[in-house]
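The basis for the numbers below is simple: all heavy atoms, side chains too, and nothing from hydrogens, waters or symmetry mates.
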Amino acid sequence: MALMFYDRADAGRQLVGELKALPLNAPVVVALPRGGVVVAAEVARALHAPLELVFVSKISAPQQPEFAIGAVVDVAPTELVIDQKIARMVGADDVYIEAALREGILKNTRRRAAYLTGREPVSLAARDVVVVDDGIATGCSMHAALAGLRRSRPARLVLAVPVAPRDVIERLAPLADEVVCLTFSDAGAVAMHYVDFHQLDDKEVVAILRAVDAANATEPPLVDRAR
């Protein structure tokens, strides 16, 4: 039977139980905003880990804003993931994709400024990185996030989500060293697994980041001394 979550915080607490069983060494938790930040905050608090963000902008099909054909992630250099087969089917040519890429880069830059201005970035190199979202539908955004974050040379890359389609998890698994998914869904049915799946605003995201930073200022990082 598929799991239900009351809200994103509940989903995060349930993820913690699985993640604490892993031999994580000084982990960094990386969230996809906005919704993933609430889930990731619960994980970061439980692991006494810093919380970072990775910004991913969906690239939509022409005239179909809700239908993703790819995504662009805010890393250096920019990581672009496009499903070329679907792009051709919906008429997204190279000119369209290039324009969508530029728009996605600008969107990611604006969001980074809104959420992280004045906040020192955390290095991911040689650390265990736990990538968290509130759920996965098509997998385009998470694919781009994992591919981009791999360039930061983490010791291990762990994908952790409350809910996702089984076939999407199978496609994403080769991009991560470990996958934690609590329950499987039909495509696009993430919200159906939550009682409360309200949309967050920017102020809520910033407040959550500050709360986690404040908590980490008084807590030591979790280190697996057996490794």
When you compare the side chain of [Y] with that of [X], does any pair of heavy atoms fall below 4.5 Å?
{"X": "Val161", "Y": "Leu15", "answer": "no"}
{"X": "Gln63", "Y": "Val90", "answer": "no"}
{"X": "Pro165", "Y": "Asp186", "answer": "no"}
{"X": "Leu182", "Y": "Val163", "answer": "no"}
{"X": "Leu172", "Y": "Leu159", "answer": "yes"}
{"X": "Val158", "Y": "Val131", "answer": "no"}
{"X": "Ser57", "Y": "Lys107", "answer": "yes"}
{"X": "Arg112", "Y": "Asp74", "answer": "yes"}

Give a yes or no on whether [X] and [Y] share a hydrophobic cluster (residues Ile, Leu, Val, Met, Phe, Trp, Tyr; joining criterion: side-chain heavy atoms under 4.5 Å apart).
{"X": "Val73", "Y": "Leu101", "answer": "no"}
{"X": "Val75", "Y": "Ile59", "answer": "no"}
{"X": "Val43", "Y": "Leu22", "answer": "yes"}
{"X": "Val56", "Y": "Ile82", "answer": "no"}
{"X": "Ile97", "Y": "Phe67", "answer": "yes"}

Parallel, tilted or perpendicular: which fits the ring planes of Phe55 and Tyr115, with parallel below 30° and perpendicular above 60°? parallel
Any salt bridge between [X] and [Y], counting N to O under 4.0 Å?
{"X": "Arg119", "Y": "Glu52", "result": "yes"}
{"X": "Arg34", "Y": "Asp134", "result": "no"}
{"X": "Glu170", "Y": "Arg166", "result": "no"}

[X] atom [atom1], neighbour heavy-atom count above 12 within 6.0 Å:
{"X": "Arg153", "atom1": "CZ", "result": "no"}
{"X": "Met4", "atom1": "CE", "result": "yes"}
{"X": "Asp93", "atom1": "CG", "result": "yes"}
{"X": "Glu103", "atom1": "CD", "result": "no"}
{"X": "Glu18", "atom1": "CD", "result": "no"}

Please find the pair of heavy atoms, one from [X] and one from [Y], that lie closest to each other, and give the distance.
{"X": "Val38", "Y": "Ala9", "result": "CG1-N, 3.7 Å"}
{"X": "Ser60", "Y": "Tyr96", "result": "O-OH, 2.5 Å"}
{"X": "Asn108", "Y": "Val72", "result": "ND2-O, 3.3 Å"}
{"X": "His193", "Y": "Ser185", "result": "NE2-CB, 3.4 Å"}
{"X": "Ala31", "Y": "Leu51", "result": "CB-CD1, 4.1 Å"}
{"X": "Ala164", "Y": "Cys181", "result": "N-SG, 3.8 Å"}

Atom [atom1] in [X], atom [atom2] in [Y]: separation rounded to 0.5 Å?
{"X": "Leu24", "Y": "Leu47", "atom1": "CG", "atom2": "CG", "result": "6.0 Å"}
{"X": "Asp133", "Y": "Met142", "atom1": "CG", "atom2": "CE", "result": "5.0 Å"}
{"X": "Gln14", "Y": "Glu42", "atom1": "CD", "atom2": "CD", "result": "11.5 Å"}
{"X": "Asp7", "Y": "Tyr194", "atom1": "CG", "atom2": "OH", "result": "8.5 Å"}
{"X": "Ile69", "Y": "Lys85", "atom1": "CD1", "atom2": "NZ", "result": "15.0 Å"}
{"X": "Leu175", "Y": "Leu146", "atom1": "CG", "atom2": "CG", "result": "5.5 Å"}

Salt bridge (charged side-chain N to carboxylate O under 4.0 Å, His left out) partners of Arg110, counting only residues at least two apart: none
Residues in salt bridge (charged side-chain N to carboxylate O under 4.0 Å, His left out) with Arg210, at least two apart?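 For Arg210, no residue satisfies salt bridge (charged side-chain N to carboxylate O under 4.0 Å, His left out) once neighbours in sequence are set aside.
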Evaluation steps, side chain to side chain contact (heavy atoms under 4.5 Å, CB included), between Val30 and Val28: CA-CA 6 Å; Val30 178; Val28 180; 4.3 Å; yes
What do the steps show when you test Leu19 against Val180 for side chain to side chain contact (heavy atoms under 4.5 Å, CB included), and what is the final call? CA-CA 8 Å; Leu19 290 169; Val180 175; 4.0 Å; yes
Leu116 vs Leu53, side chain to side chain contact (heavy atoms under 4.5 Å, CB included): CA-CA, chis, key distance, verdict: CA-CA 9 Å; Leu116 300 181; Leu53 303 184; 4.0 Å; yes
Judged by atom type as modelled, is there a donor-acceptor pair below 3.5 Å linking the side chain of Asn25 to the main-chain atoms of Pro27?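 No; judged by distance alone, with no hydrogens or angles, the pair does not exist.
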Show your reasoning for whether side chain to side chain contact (heavy atoms under 4.5 Å, CB included) applies to Thr183 and Phe5. CA-CA 10 Å; Thr183 193; Phe5 310 104; 4.2 Å; yes
